[in-house]
Q: 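Before I ask anything, let me first share the structure, which is written out below as structure tokens.
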Amino acid sequence: MEYRFNEIEKKWQDQWKADKAYKVSNESAKPKYYVLDMFPYPSGAGLHVGHPLGYIASDIYSRYKRLKGFNVLHPMGFDSFGLPAEQYAIETGQHPAETTKNNIATFKAQLDKIGFCYDWDREVRTSDPGYYKWTQWIFLQLFNSYFCNTQQKARPITELINKYATIGALPRNGKPVAGVHFTAAEWNAYSKKEQEDILMKRRLAFCAYGEVNWCEALGTVLANDEVVNGVSERGGYPVEKKKMRQWYLRITAYADRLLEGLETVEFSESMKEMQRNWIGKSQGAEITFKVVNGESSMVNNESSNSNSSFTTHHSALTVYTTRPDTIFGVDFMVVAPELELVQQIKSASEANAVDEYIAYVKSRSDVDRMAEKKITGCFTGAYAINPFSQQEIPIYISEYVLAGYGTGAIMAVPCGDERDFKFAQHFNIPITNIIGSHFNGEEANATKEAVLENSGFLNGMQMMDASELVLQKLEEQGTGKRKVNYRMRDAGFSRQRYWGEPFPIIWTDGIALPLDAEELPLELPHVDKYGPGPEGEGPLANIKEWTNISPTQRRETSTMPGYAGSSWYFLRYMDPHNTETFCDRKASDYWNQVDLYIGGTEHAVGHLLYSRLWTKVLFDLGLIGYDEPFKKLLNQGMIGGVSEKIFRVGANQNDEANSFAGHSSNSLVIKWHLVNNIPIILRPDDGGDLNYYLFSLSADLDVDSYETSLIRTSLNCVDDGILDIGKYKLHKQENSLHKDVSSYEILLCKDGYYDSKKENWFNYEKKPISPLSFKTIQVPEKMSKRYGNVVNPDDVVGKYGADTFRMYEMFLGPVEASKPWDTKGIEGVHRFLRKLWRLFNDDIKGKVWTDEKATDAELKILHRTIKKIEEDTEKFSFNTAVSAFMICINDLFDVKCHKKEVLEKILILLVPYAPHIAEELWQQLGNDSSILDAQYPTFNPALLVESTKEYPISINGKVRANLSLALDLDQKQVEEIVLQNDVVQKWLEGKDPKKIIYVKNKMINVVV
RNA sequence: GCCCAUGUGGCGGAAUUGGUAGACGCAGCAGACUCAAAAUCUGCCAUUCGCAAGGGUGUGAAGGUUCGAUUCCUUUCGUGGGCACCA
């Protein structure tokens, strides 16, 4: 009987489904274990072989834990709201709900073929009304909460209202500031709208006008982490700054707790570091400088509610610095051009220049700014007064200072800051050196270890100590205070799109009123057109009857971003069908934190921070019992694709007269399609006729002198690294604008080696080459439909079976490592499974397993394997576990062991990795119950105890001999035996050894 | 520029945490079985000198600590990832 994996896998997948073998209960006497995968976005392209890597790892661990006696929750679902479905809808008119449904069906079919142990009864889809009802509900909890600074946690907003109505909002010390502080009486006298506006500034989900990343092409705003290098992460469209009313989550309030929480979870160091960088906490000081205007036209306006934190009059300029110790080195000030303050301090004589400069800055997009980092700026005509030296310091504006960070203004210390230094040079501002020889006048030196000079009362002090003293003085004078700053901004939470959760908010007379919980879910209305609405609003604004409830009531027309649904999905799995609450407290208490979370690093700052935030808020409000969602995070690497590339040769740089000379590499693409006899040059296989190449060009062509570039072929045209020219021509014909390919010549080139860095060939060796065999060049590249290098797991599973596929993906290397997919090695894993099969069944003889008693040697093989597999699985070292299985089967073959006593234990070890074959052979051994619930074998150390050890004997650290010695020998006995050894004698050359090192059970080293 | 990883045969990768470098697999070579192929099995497989016995060299590079270093330290180079006018 042979190993017919297709039949076996189908049979058991059906059986397990019928038996509900993966059904998980919330009631169990067993200890719980929660294994979670980052659920996929169901894209139209389906799964490729890279996706399941993490799923396989989590599946192995889940099954392992189950065998170990745990009640294991291992669910799967779909993050099914999002941009691509909507883009597709715009293009094709198909409703996102429809395409999403189809895509999910494809995904599920693909996943099921791999044999995962998901409890599909717990599946969640973020776009289901039954699911997003609770996303909306949690949003309302955020809306109805504020962050209490004394308790450092979220509290119901009603508590704040109570406080305002009874005691008001008064400063803890200092004078009340208008617009910020008020008494209870004042509060009670405010209009409803005024009260709501004040409350909005405290809500955890709030609405505000702010600069957002507006993407015109996508017709929506994007969160900071969705913008990469000034363009949208999805699609790569330009992004501009725009002031709009947006919803936000007040994640900045949780900055400290998000940082502290990292200490309590097992994430990789790099992952934690990324989150820390994103939060970007820094400690420093806010220092207030008095401002004098050049023409002394002092302004005296009330402070505005801009994003600067000005609380005093505009006769002052507050800056944020992490280096208060450099206060005497301040040679100028720089204010962000966007700040309103600029208008108030600019002097009459400079006003024109200032306005011109501001107009210039506005004209520049983020992309421009990043592309060319020019030094630009403009003097305002105003001066600031140094609070210690009382010196007048000129105030400039420049785009290098960001309005959104700190106070939007800096004190510039050119001797200690590179940017300040360059700015000073550019505008010829004299530089004060406060760090003596540390500053060479050529470039700034940001040292923290200098002794201060030219620094008034700080002279002679270490910078570190000076910081503290300056802070104290500032506080005494009331001109500054300690201040912690964060780079992180509040998270933009609205999108001008259709395919997302609608906000359960109705605008009434400009007040955002939440829906009642009973009115949820607020379902997405049906639309016919997905185009944007008027004035930058989303498609929902086009449906008047839905949007305009009454003359005074209007629905919110933006929808929630992609990360809304994924911020809490791990909770819904615990209690997916509950219609009363998002997740019953009993269920979330039972399953508690996710014990193991597996997913890619691409979500390091987005999804992980947001779900950590939501968890903390839910915890603060007493809705769940823990404030970190994920106990341990394992990052799987990305499996990349490999593109099969060939060379195209362009113009000969030296020979103008050549038939294809004179084309720049840019025009090559076109020329290649248009001009006859432009060669595609392929790296040829070994063997064949070198002259063919020279002959066909009838010239002594040196490829090195030509522009060469790599072009992709399609995987379909390549078999085992050899290009099929016929298929390739056909492929080109189908995909080319110019259907006539008859003129394309494919030529051979001398062999050489390929330098991937320079994308060029070097060092041609004169090897004979074959005119008929064309090797392609394999270049690792992202797996993408566009590149034609996608490998579908269905194909691999069809050819080798799910068990082989699972084990092979693990065998490729450590799960955390990124690597390109390469099908070549899969044969080895497949051979292993067939070999395992032959321990039970012979192709000719049929059943070969026996009931005989196992020998000690056989038990030793078994228990060595139990130990190794268990250890490796525990530490997620799945690649070495697979190799341990191979060693075990090889060993059992060597001793011809076909004994059930040994084999059935091996099968249990194998279940997590290759469940189908394990179950099949388990049943063949005569077991009635499923192997999925078998008991994990226990390792018996007694069986592996050895009495002797084959020691390597080294002389001066180099192994020269091996010697089998009893383990209970002491140093002296060992020395005697070792010295009698012939090889040792030879190396000693009659001398006495200086020293003999004997490490029990390890090695022996003789020092001569 | 800053931060974090990482570097081992033709290839993917092992190495019990300082103790026989290259497990396991792929590819390759030689052989067995077969009319043949597939499948399977056996042997070889870092490099170099040597008929062999046996030596030399070798974990990106250069130093150091140690009886002994892929592992620890210093310097340096390459690759990958993250952040990037964040004051």
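Lettering of chains follows the sequences in order, A, B, ..., and the numbering in each one begins at 1.
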Q: Describe the nucleic acid contact of A:Asn879 in one word from base, sugar-phosphate, nothing, applying a heavy-atom distance below 4.0 Å.
A: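 The residue A:Asn879 makes sugar-phosphate contact but no base contact.
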
Q: Answer yes or no: are there more than 12 heavy-atom neighbours, outside A:Lys422 itself, under 6.0 Å from its atom NZ?
A: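 No - once you tally the heavy atoms of other residues, nucleotides and ligands closer than 6.0 Å, there are 12 at most.
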
Q: Would B:U34 be called syn or anti, given that syn covers angles within 90° of 0?
A: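 For B:U34, whose glycosidic angle is more than 90° from 0, the conformation is anti.
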
Q: Is there a side-chain polar atom (N or O) of A:Ser282 under 4.0 Å from OP1 or OP2 of B:A87?
A: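 Affirmative; the distance criterion is met.
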
Q: Under 3.5 Å, is there a donor on one side chain and an acceptor on the other for A:Thr288 and A:Thr318?
A: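 Side-chain D/A pair, A:Thr288 to A:Thr318: present.
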
Q: When rounded to the nearest Å, what value does the distance between C1' atoms of B:A46 and B:G82 take?
A: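 Each nucleotide's C1' atom is 36 Å from the other's.
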
Q: So what does A:Lys1000 hit on the nucleic acid, given a heavy-atom distance under 4.0 Å: a base, only sugar-phosphate, or nothing?
A: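 No contact.
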
Q: Where does B:G9 land, syn or anti, given syn is within 90° of 0?
A: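 Syn, since the glycosidic angle lies within 90° of 0.
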
Q: Whether A:Tyr320 contacts B:C86 is assessed here as follows: a side-chain N or O lying under 4.0 Å from the phosphate OP1 or OP2. Is that the case?
A: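 Result: no.
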
Q: Run the side-chain donor-acceptor check on residues 954-963 of chain A: report pairs under 3.5 Å with partners two or more places apart or on a different chain.
A:
| unit_1 | atom_1 | unit_2 | atom_2 | d |
| --- | --- | --- | --- | --- |
| A:Ser954 | OG | A:Ile1004 | O | 3.4 |
| A:Asn956 | OD1 | A:Val1008 | N | 3.0 |

Q: Hey, does A:Arg276 reach any base, or is it just sugar-phosphate, or nothing, if we go heavy atoms under 4.0 Å?
A: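 Touches nothing.
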
Q: In whole Å, measure the gap between the C1' atoms of B:U71 and B:A87 for me.
A: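 Each nucleotide's C1' atom is 42 Å from the other's.
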
Q: Only pairs with both distances under 3.5 Å count, Watson-Crick or wobble alike; so what is the partner of B:U6 in this structure?
A: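 B:G78 - that is the nucleotide pairing with B:U6, both distances being under 3.5 Å.
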
Q: If you measure only the distance, is there a donor-acceptor pair under 3.5 Å linking the side chains of A:Asp872 and A:Thr880?
A: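 Per modelled atom types, A:Asp872 and A:Thr880 side chains form a pair under 3.5 Å.
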
Q: Give me the distance, rounded to whole Å, that separates B:U66 from B:G55 when you measure between the C1' atoms they each carry.
A: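 It works out to 25 Å between them.
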
Q: Would you classify A:Lys994 as touching base, sugar-phosphate or nothing, given that sugar-phosphate means primed atoms plus P, OP1 and OP2, and contacts are heavy atoms under 4.0 Å?
A: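 The residue A:Lys994 makes no contact with any strand.
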
Q: Does the side chain of A:Ile826 come within less than 4.5 Å of A:Tyr808's, by heavy atoms?
A: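 Yes. Closest side-chain heavy atoms under 4.5 Å.
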
Q: Once you apply a heavy-atom cut-off of 4.0 Å, does A:Pro814 come out as touching a base, just sugar-phosphate, or nothing?
A: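 Contact class for A:Pro814: sugar-phosphate only.
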
Q: In B/S/- notation, 5' to 3', how is nucleotides 15-22 of chain B contacted by protein heavy atoms closer than 4.0 Å?
A: ----BB--

Q: Have a look at A:Trp837 and say if it touches a base, only the backbone sugar-phosphate, or nothing, with a 4.0 Å heavy-atom cut-off.
A: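 No contact.
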
Q: I need the OH-C1' distance between A:Tyr913 and B:C24, as an integer number of Å.
A: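 In whole Å, B:C24 C1' lies 14 Å from A:Tyr913 OH.
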
Q: Select one nucleotide: of B:C41, B:A87, B:G55, the one nearest the side-chain heavy atoms of A:Lys835.
A: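 In terms of side-chain proximity for A:Lys835, the closest of B:C41, B:A87, B:G55 is B:C41.
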
Q: Are any of the side-chain nitrogens in A:Arg276 or A:Glu269 under 4.0 Å away from the carboxylate oxygens of its partner?
A: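 Salt bridge present between A:Arg276 and A:Glu269.
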
Q: Expressed in whole Å, how much space separates the C1' atoms belonging to B:A21 and B:G58?
A: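 Nearest-Å result for B:A21 against B:G58 at atom C1': 10 Å.
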
Q: What is the separation between atom CE on A:Met638 and atom P on B:U79, rounded to the nearest whole Å?
A: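 Whole-Å distance recorded here is 20 Å.
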
Q: Does OP1 or OP2 of B:U40 have a side-chain N or O of A:Arg834 closer than 4.0 Å?
A: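 Indeed, a polar side-chain atom of A:Arg834 lies that close.
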
Q: Side-chain N or O of A:Lys819 versus OP1/OP2 of B:G12: is the shortest distance under 4.0 Å?
A: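 Checking B:G12 against A:Lys819, no side-chain N or O comes under 4.0 Å of OP1 or OP2.
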
Q: In whole Å, what is the span from the CE atom of A:Met271 to the P atom of B:G82?
A: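 Nearest whole value for this atom pair: 11 Å.
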
Q: Considering every strand and a 4.0 Å limit on heavy-atom distances, what is the contact class for A:Ser268: base, sugar-phosphate, or nothing?
A: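 No contact at all - A:Ser268 keeps every heavy atom at 4.0 Å or more from the nucleic acid.
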
Q: If you measure from the Lys or Arg side-chain nitrogens to the Asp or Glu carboxylate oxygens, is any gap between A:Asp417 and A:Arg323 under 4.0 Å?
A: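 Looking at A:Arg323 together with A:Asp417, the answer is no, because their closest N to O distance does not fall below 4.0 Å.
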
Q: In terms of the nearest nucleotide of RNA chain B, which residue is placed more toward the 5' end: A:Phe893 or A:Thr322?
A: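 Of the two residues, A:Phe893 wins.
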
Q: Hey, which sits more toward the 5' end of RNA chain B by its nearest nucleotide, A:Asn890 or A:Val983?
A: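 The residue closer to the strand's 5' end, by nearest nucleotide, is A:Asn890.
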
Q: If pairing requires Watson-Crick or G-U wobble contacts with both distances under 3.5 Å, which nucleotide is the partner of B:G25?
A: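 Across any shown strand, B:G25 pairs with B:C11.
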
Q: Check whether any side-chain heavy atom of A:Val983 sits under 4.5 Å from a side-chain heavy atom of A:Ile953, and report yes or no.
A: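 Answer no - side chains too far apart.
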
